[in-house]
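A short worksheet on the structure shown next.
First the proteins, then the strands, lettered A, B, ... as listed; each starts at 1. Model, not experiment: these values are computed from the prediction. All heavy atoms count here, side chains included; hydrogens, waters and symmetry mates do not.
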Amino acid sequence: MNYWLMKSEPDTFSIDDLKKQPTSWDGVRNYQARNHMKNMSNGDQVFFYHSSCKKIGIVGIAQVIKEAYPDHTSWDPSSNYFDPKSSPENPKWFMVDIEFVRQFSTTLTLASLKENPELESMALLKKGNRLSVMPINEIEWHLINRQTQSN
DNA sequence: GCCAACGTTGGC
DNA sequence: GCCAACGTTGGC
């Protein structure tokens, strides 16, 4: 089992949206993020992170329910995520499906994560980090998870 | 709204 | 293959 963090702008797609139904994580157009998704397995656990919003931070947990498969929006000319270099025969971009697991009673804010010296090495907290899909190591996962309660 | 950091593109 | 220019991300 592996652990991950995925960012989403809640104005576009929030954990409340995920709660209603599983979703396919389409639209990732960054090689590093794509490669991380290709490394995901069914059952992998995901911190769900709200970015670019009022209360930035980890808001809950999701899990992978379908492993990486071609992102069809990449060859759809009407899609915002269209990439002319991708085709059904030779797909360039991939996505996974995730479903809701639980929501934290309070947002584990970015500011509070930064205050924890044990989390210093986290990729998320590195300056200038813009990756929308990143791995979380097991120690970090449990450290963070321990600080949370479910709704 | 600002801007630093980063990834990508394209000319050379 | 280098690197300047550009577009995007995302915290503040």
Side-chain angles (χ1 to χ4, degrees), chain A residues 2-20 22-40 44-64 67-137 139-141 143-148 151:
Chain A
N2 286 304
Y3 303 100
W4 310 92
L5 180 142
M6 292 167 108
K7 294 180 185 173
S8 185
E9 296 187 19
D11 289 346
T12 307
F13 190 86
S14 72
I15 191 149
D16 292 312
D17 296 316
L18 182 66
K19 203 182 293 179
K20 289 175 205 150
T23 191
S24 51
W25 210 251
D26 62 6
V28 170
R29 296 294 178 266
N30 171 285
Y31 289 106
Q32 249 186 299
R34 181 201 68 181
N35 294 342
H36 287 318
M37 287 201 295
K38 281 187 166 181
N39 285 329
M40 291 181 180
D44 278 5
Q45 301 291 292
V46 179
F47 281 138
F48 198 90
Y49 180 93
H50 282 176
S51 67
S52 298
C53 59
K54 211 141 194 201
K55 244 189 158 188
I56 298 162
I58 304 171
V59 293
I61 292 175
Q63 68 181 350
V64 177
E67 295 174 6
Y69 61 105
D71 179 349
H72 57 83
T73 65
S74 68
W75 57 74
D76 174 3
S78 68
S79 169
N80 286 335
Y81 304 125
F82 177 61
D83 179 352
K85 291 180 194 139
S86 184
S87 66
E89 297 74 30
N90 194 8
K92 186 172 163 189
W93 301 110
F94 290 76
M95 57 190 180
V96 296
D97 289 358
I98 61 170
E99 72 176 6
F100 175 84
V101 173
R102 69 183 184 93
Q103 183 169 18
F104 300 159
S105 53
T106 57
T107 300
L108 203 48
T109 63
L110 178 62
S112 70
L113 293 170
K114 282 179 176 170
E115 280 169 15
N116 188 342
E118 291 179 296
L119 298 176
E120 230 171 9
S121 62
M122 265 184 85
L124 177 71
L125 305 181
K126 293 264 163 65
K127 190 179 175 185
N129 168 60
R130 307 188 317 180
L131 202 54
S132 63
V133 179
M134 68 182 81
I136 299 279
N137 75 38
I139 295 168
E140 291 160 354
W141 176 272
L143 267 171
I144 294 169
N145 213 7
R146 201 176 303 144
Q147 302 172 30
T148 67
N151 264 352

Q: Please work out if A:K85 contacts a base, only the sugar-phosphate, or nothing of the nucleic acid, heavy-atom cut-off 4.0 Å.
A: sugar-phosphate
Q | Touch class at under 4.0 angstrom, heavy-atom based, for A:Q32 against every strand present | A | sugar-phosphate
Q) Which residues satisfy the side chain to side chain donor-acceptor pair (under 3.5 Å) test with A:D97, sequence neighbours excluded? A) A:Y69
**Q.** For A:V133, the option from A:Q32, A:R34, A:M37 that meets side chain to side chain contact (heavy atoms under 4.5 Å, CB included)
**A.** A:M37
Q) Hey, does the side chain of A:K7 reach the backbone of A:L131 with a donor-acceptor pair shorter than 3.5 angstrom? A) yes
Q: Give the ring-plane orientation class for A:W25 versus A:F13, where under 30° counts as parallel, over 60° as perpendicular and anything between as tilted.
A: perpendicular
Q: Under 4.0 Å between any heavy atoms, over every strand shown, what does A:K114 touch: base, sugar-phosphate, or nothing? Just pick one.
A: sugar-phosphate
Q. Is a side-chain donor-acceptor pair under 3.5 Å present for A:D26 with A:S24?
A. no
Q. Under a criterion of less than 4.0 angstrom to any heavy atom of chain A, what are the 5'-terminal and 3'-terminal contacting nucleotides of DNA chain B?
A. B:dA5 to B:dT9
